[in-house]
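Every chain is numbered from 1, with letters handed out A, B, ... down the list of sequences. Since the structure is predicted, the reported quantities are computational estimates derived from the model, not experimental observations.
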2 protein chains.
Amino acid sequence: MVGMSLRVALLGLLSFAGPASGYDLTKMFTLTINHVWQAKHSQIYPELNRMAADGLISVAQPGPRGRKIYTITEHGAATMRDWLVSHTPSGTMRSEQSLQAFLLPLLEPPQALEALERMADATQARLDGLEEMKKVHMSGQGGGDIGHYALDLGIMQLRAILAWTHQTADDIRASAAPDS
Amino acid sequence: MVGMSLRVALLGLLSFAGPASGYDLTKMFTLTINHVWQAKHSQIYPELNRMAADGLISVAQPGPRGRKIYTITEHGAATMRDWLVSHTPSGTMRSEQSLQAFLLPLLEPPQALEALERMADATQARLDGLEEMKKVHMSGQGGGDIGHYALDLGIMQLRAILAWTHQTADDIRASAAPDS
DNA sequence: AGACTCATGTAATGCGTTACATGATTTG
DNA sequence: CAAATCATGTAACGCATTACATGAGTCT
């Protein structure tokens, strides 16, 4: 089965934070995992119902306001571990950022430089966001925090993009003004 | 309008390579732009028809085997340039790779290290692929080649991921064996 | 003639977003 | 009691993949 990602993400959050409702999980999604995966409540609620039907999570009797608390089952935990250990992630990459990079040579140098500058600004802004998150993260408890490594990965990738924008801008300037 | 990416990618290929059929464009997609964006013929053919209806490209009378040759129009070229210069790419990131990174702290150190090793291998393989492409690219003509910058970007991002796998493995080993 | 590649399409299905819809509880 | 927040769901739509379907030309 493909399209396992949302399930695994939810199992991970339940495993880390303990029993929670769909509403809680929706908030946790946007607050913690957002730079890596996104999902709205309209996708999460039906998925939780399917996961319960499949025995990956169990549901308590609805509480006040129809609140339904989900708990990860042993089957769910095993499924998640198995995916982490044995699923080779699809390398499918779909990035508007990279698409613009691909087409950049079709622009005249001045326009290309302008586009690069916008990209650099946007990347810097996202990088600032992640670095801010990391500060908050570290001022909490130390050690085996969920999301900790993904934050580092995000930061390193954004730094790579930023370095590329500078290098490419230099390259374009150099080829636009051939001799010194 | 959103979901412009496929259109722009096709316009870019037509702009760079000149008039081509849907079949040609499908091949070019997998051969050149694949590390940045993916599309199958079943998506490309209907899109080309819509683009022709919108005046972004023009169609010649079908040739042998029903082959339809598309040519970018001035309107199409302007649309593409405009998107490149003024569209800020959505930062939406959805990477199974990063999702695994996010959940890594939920594994015991030995399993986490094993998962990291698989990730490193997969990343290295993709990196080898891109670096091979770059060699081919450079042995062609020099200068303003389409895809040139995107290739560099891909390589830099993959190197960042690779560096992260090593750094993270060290970190996990260090915290699994606290004192020297 | 048979196999292969060229060439174009449609249908079914899945994942994801936006919008619609409803009601219970808490807070001011 | 009014507004905000909590809480769950469904419907409509768009993008992308897989599978189905068909036929024309080329090469052995």
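Ion pair B:Glu131/B:Arg159 flagged as a salt bridge, since at least one NZ, NE, NH1 or NH2 atom sits closer than 4.0 Å to an Asp/Glu carboxylate oxygen. Using a cutoff of 4.0 Å between basic side-chain nitrogens and carboxylate oxygens, B:Arg67 and B:Asp24 are scored as salt-bridged.
For the pair B:Leu48 CG and C:dA7 P, the interatomic distance rounds to 14 Å; values are reported in whole Å. The CG-C1' distance, from B:Asn34 to D:dA16, rounds to 14 Å in whole Å. The CE atom of B:Met51 sits 13 Å away from the P atom of D:dC15 (whole-angstrom rounding). Atom OH of B:Tyr23 is separated from atom P of C:dC4 by 14 Å (rounded to the nearest Å). Spacing between atom CD1 of A:Ile44 and atom P of D:dA7 amounts to 14 Å, rounded to whole angstrom units. In this structure, A:Tyr45 places its OH atom 7 Å from P of D:dG9, rounding to the nearest Å. In this structure, NZ of B:Lys27 is placed 14 Å from C1' of C:dT8, rounded to the nearest angstrom.
Applying the 4.5 Å side-chain rule to ILVMFWY residues, one finds B:Met93 in the same cluster as A:Met93.
Proximity of A:Phe16 to A:Asp145: side-chain heavy atoms (C-beta onward) are separated by under 4.5 Å at one or more points.
In this structure, the nucleotide among C:dA7, C:dT10, D:dG9 sitting nearest to the side chain of B:Arg67 is C:dA7.
In this structure, A:His41 and A:Tyr45 have perpendicular ring planes: the angle between them is above 60°, well past the 30° mark. Using cut-offs of 30° and 60° for the angle between ring planes, the B:His137 and B:His148 rings count as parallel.
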- Task: Scan nucleotides 15-28 of chain C nucleotide by nucleotide, 5' to 3', and note B when protein non-hydrogen atoms come under 4.0 Å of the base, S if they reach only the sugar-phosphate, - if neither.
- Result: SSBBB----BS---

